[in-house]
Protein chains: 2
Amino acid sequence: MTTRIKDVAKEAGVSTATVSHVINDTKFVSDEVKLKVEEAMKRLQYIPNMVARSLRSRKSNTIGLIVPIKTNDNSNNFFLSVANGIEEVLSKNGYHLLVSNSHEDPIEEIERIKMFNTQRIDGLIIAPTSGITRESCGLFGHYPIVFFDRRPEGVPGDWVLVDGMKSAYRGVSALIEKGHRKIGFIAGRMDIPTSNDRFNGYRKALEDYGIGFNEDYIRIGDLNGASGYEMTKELISQEVITAVFVANNAMSLGAVKYLKDNHYDIPGDIALIGFDDYEWTGIVNPPLSVIRQPSCEVGRRAAEIMLKRIKRSDSICQGHLLEAELIVRGSF
Amino acid sequence: MTTRIKDVAKEAGVSTATVSHVINDTKFVSDEVKLKVEEAMKRLQYIPNMVARSLRSRKSNTIGLIVPIKTNDNSNNFFLSVANGIEEVLSKNGYHLLVSNSHEDPIEEIERIKMFNTQRIDGLIIAPTSGITRESCGLFGHYPIVFFDRRPEGVPGDWVLVDGMKSAYRGVSALIEKGHRKIGFIAGRMDIPTSNDRFNGYRKALEDYGIGFNEDYIRIGDLNGASGYEMTKELISQEVITAVFVANNAMSLGAVKYLKDNHYDIPGDIALIGFDDYEWTGIVNPPLSVIRQPSCEVGRRAAEIMLKRIKRSDSICQGHLLEAELIVRGSF
DNA sequence: CTGAAAGCGCTTACAG
DNA sequence: CTGAAAGCGCTTACAG
């Protein structure tokens with residue numbers, strides 16, 4: 001069968017302990033013995049069994065990741081990009097990545113977390129749904145947690161967020177400085193913190209520029225293209241506005257689609273700023289100005305924090321707030 | 001510390017073997033005893049340790065997935081979508097998914113496979129790079145392999161592909177039936193089988209309609225938007241053609257961008273069919289006609305085959321060829 | 001500097 | 001129908 005550490009030990013004429021120490025570099029072993037062991041490993045084509053190692057050492061070198069991608073949202077590049085960033089950092093450091101999807105559903109999320117618990121993950125990186133609250137603490141194992149994209153209150157853990165408030169503020173104030181006063185705001189459900197933060201950025205911008213807040217200019221829908229389409233339609237047909245800020249990527253696409261379908265001139269009739277810099281934003285006509293989140297960086301950072309936390313679990317939790325930038329193109 | 005099966009056994013007044021059998025339903029246990037065990041588990045909040053189970057039972061309930069997403073290709077929804085499909089099926093069946101990325105680099109691919117081998121995965125689902133050949137067989141462990149998107153020759157394993165030949169055939173013959181005779185073909189490197197298959201579909205369509213093949217109409221670049229842009233530019237400036245078939249998603253975007261930047265009328269000056277149905281294809285002007293691959297279905301199917309193969313490893317390997325459809329919109 | 005041995009938490013023949 | 005015990009392949013105090 002497969003060769004074990006015992007076989008290597010016999011082949012090299014040493015104890016299994018010594019082989020283990022050579023493999024893990026956990027104690028000084030003379031060069032002579034080390035060489036013998038290494039040659040034996042090569043000769044026998046030894047492949048360490050990480051499962052056994054995990055059991056004994058009580059760490060799995062595995063990090064769990066839970067993303068909240070909805071079933072039909074197969075173009076959610078934000079999370080793809082974050083996952084890429086995480087995978088990059090982890091695999092460079094010899095860690096494995098176990099991936100799961102909550103589909104933005106709190107029930108499924110709990111199931112996934114429980115599954116991960118049985119796997120003895122060393123840490124969990126998660127974009128939590130609104131289901132994760134102070135009461136959820138007991139759900140998690142004794143591993144460090146890094147939240148990204150959203151951050152539940154009352155649950156200890158590090159976090160990496162993009163400053164949604166500042167993001168929206170940037171977009172909306174750019175619209176204002178172009179002379180717009182009647183600015184619509186479209187977002188997804190407010191129980192997801194990102195939507196809420198961005199909404200606050202919108203309000204803050206209006207406030208700072210001395211523009212009155214008008215509730216009629218707000219449309220809250222679902223986080224998908226169809227809803228973006230509907231909300232834009234509603235907003236534009238019911239209100240006299242000159243600009244729209246869309247606080248979500250899928251909805252941005254819906255907004256563009258509605259405006260195009262109905263032959264609105266962008267930015268002549270309606271100025272538009274969308275969220276997230278997907279590739280298509282550069283090729284629509286006019287190219288869409290957007291808020292670009294540093295998504296890959298979010299992933300990398302989350303993974304780095306996780307690895308640090310695993311090394312020193314004592315230090316207090318900390319947050320990282322990354323900044324988004326406004327990409328100015330032709331839509332406002 | 002954490003409670004073990006031994007604690008449950010003591011609490012329930014039975015042996016660990018009985019507890020194990022209750023958990024795994026692997027032998028008949030009287031209802032009475034079963035109940036006692038179940039109550040004990042609940043009382044002690046017992047969480048099985050899958051690592052220990054894996055070690056003992058020599059199966060990990062974990063499948064490895066290796067995708068070939070290049071570093072900057074964060075909009076590769078094809079693989080995102082496939083991964084979603086895989087995750088969906090696996091987690092429904094109690095399996096875990098370990099994800100890694102080869103970045104389309106054979107060297108990295110080998111490293112990732114080796115990492116997976118140490119993890120004792122029960123199976124590997126992979127879109128192999130061109131580095132996987134007959135000689136690579138020794139690289140894999142004794143687990144079943146399901147290839148998707150591409151299929152290396154001479155390596156045993158099941159596979160799930162989308163018929164690239166037929167896909168391209170469909171697109172190109174649609175162009176021909178619209179009256180086009182001078183049709184350009186743009187694709188990525190030919191060492192990736194998908195590009196090659198699609199090229200063959202292009203040739204076959206020309207042949208079947210009695211149109212001569214002209215090598216000057218072919219442009220082979222890299223699998224990214226910039227290259228799509230360049231190839232389109234070259235093709236259009238050097239040749240007199242009326243239509244282009246682009247055999248890759250990122251390159252399709254580049255092609256559209258070039259045509260738009262240079263104010264070509266689509267389909268008036270140049271008719272266009274792209275590859276893969278990303279969300280943006282519906283909102284550009286005119287909406288892009290594309291070949292839509294059933295990406296999520298590829299993932300689901302790959303996972304299902306994997307699970308079947310794990311259950312009965314005796315049956316012979318089989319392939320699944322899914323069909324892509326032509327989505328007709330306004331670009332030809 | 002190296003080795004003998006216990007033990008991580010399970011499953012699984014085997015015996016009764 | 002249930003239990004005692006071996007063993008999966010490692011790591012890690014401990015002794016020398």
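Basis for what follows: all heavy atoms, side chains included, without hydrogens, waters or symmetry-related copies. Chain A is the first sequence line, chain B the second, and so forth, proteins listed ahead of strands; every chain is numbered from 1.
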Legend entry - Main-chain N/O of A:Ile69 paired with A:Asn101 side-chain donor or acceptor, under 3.5 Å: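 Present.
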Inset, instruction - Say whether, by atom type as modelled, one donor and one acceptor occur between the side chain of B:Thr62 and the main chain of B:Ser60 under 3.5 angstrom. - result: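 Yes; judged by distance alone, with no hydrogens or angles, the pair exists.
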Among [options], which is the nearest nucleotide to the side chain of [X]?
X: B:Ser15; options: C:dT11, D:dG3, D:dC1; result: D:dG3
X: B:Leu55; options: D:dA4, C:dT2, D:dG9; result: D:dG9
X: B:Arg53; options: D:dT11, C:dT11, D:dG3; result: C:dT11
X: A:Thr2; options: D:dG9, C:dT12, D:dT12; result: D:dG9

Inset, instruction - Hey, which sits more toward the 5' end of DNA chain D by its nearest nucleotide, A:Arg56 or B:Val14? - result: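 The residue mapped nearer the 5' terminus is B:Val14.
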Legend entry - 5' priority, DNA chain C, between B:Met50 and A:Val29 [closest heavy atom]: A:Val29
Inset, instruction - On DNA chain C, check which nucleotide each of B:Pro48 and A:Thr16 is closest to and give me the residue with the more 5' one. - result: A:Thr16
Inset, instruction - Classify the ring geometry between A:Phe147 and A:Phe140 as parallel (under 30°), tilted (30 to 60°) or perpendicular (over 60°). - result: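 Judged by the thresholds at 30° and 60°, the geometry between A:Phe147 and A:Phe140 is perpendicular.
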Does [X] have a side-chain nitrogen or oxygen under 4.0 Å from the phosphate oxygens OP1 or OP2 of [N]?
X: B:Asn24; N: C:dT11; answer: yes
X: B:Thr18; N: D:dT2; answer: no
X: B:Arg58; N: D:dG9; answer: yes
X: B:Ser20; N: C:dC10; answer: no

Inset, instruction - Could you tell me which nucleotide pairs with C:dC1 by Watson-Crick or G-U wobble geometry, both distances under 3.5 Å, or answer none if nothing does? - result: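 In the structure as shown, C:dC1 has D:dG16 as its Watson-Crick or wobble partner.
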Inset, instruction - Indicate, with a heavy-atom threshold strictly under 4.0 Å, whether B:Lys27 touches base, sugar-phosphate, or nothing. - result: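 Base contact.
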Inset, instruction - For A:Val51, report the nucleic acid contact type (base, sugar-phosphate, nothing); a contact means any heavy atom under 4.0 Å. - result: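 Nothing, no nucleic acid heavy atom in range.
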[X] [atom1] to [N] [atom2]: how many Å, rounded?
X: A:Arg4; N: D:dT11; atom1: CZ; atom2: P; answer: 14 Å
X: B:Lys6; N: C:dC8; atom1: NZ; atom2: C1'; answer: 10 Å
X: B:Asn49; N: C:dT11; atom1: CG; atom2: C1'; answer: 13 Å
X: B:Gln119; N: D:dC8; atom1: CD; atom2: C1'; answer: 16 Å

Legend entry - From A:Ile310, A:Asn117, A:Asp122, residue fulfilling side chain to side chain contact (heavy atoms under 4.5 Å, CB included) relative to A:Tyr143: A:Asn117
Legend entry - Salt-bridge present (A:Glu38, A:Lys34; N to O < 4.0 Å):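 Not counted as a salt bridge, because no side-chain N and carboxylate O are separated by less than 4.0 Å.
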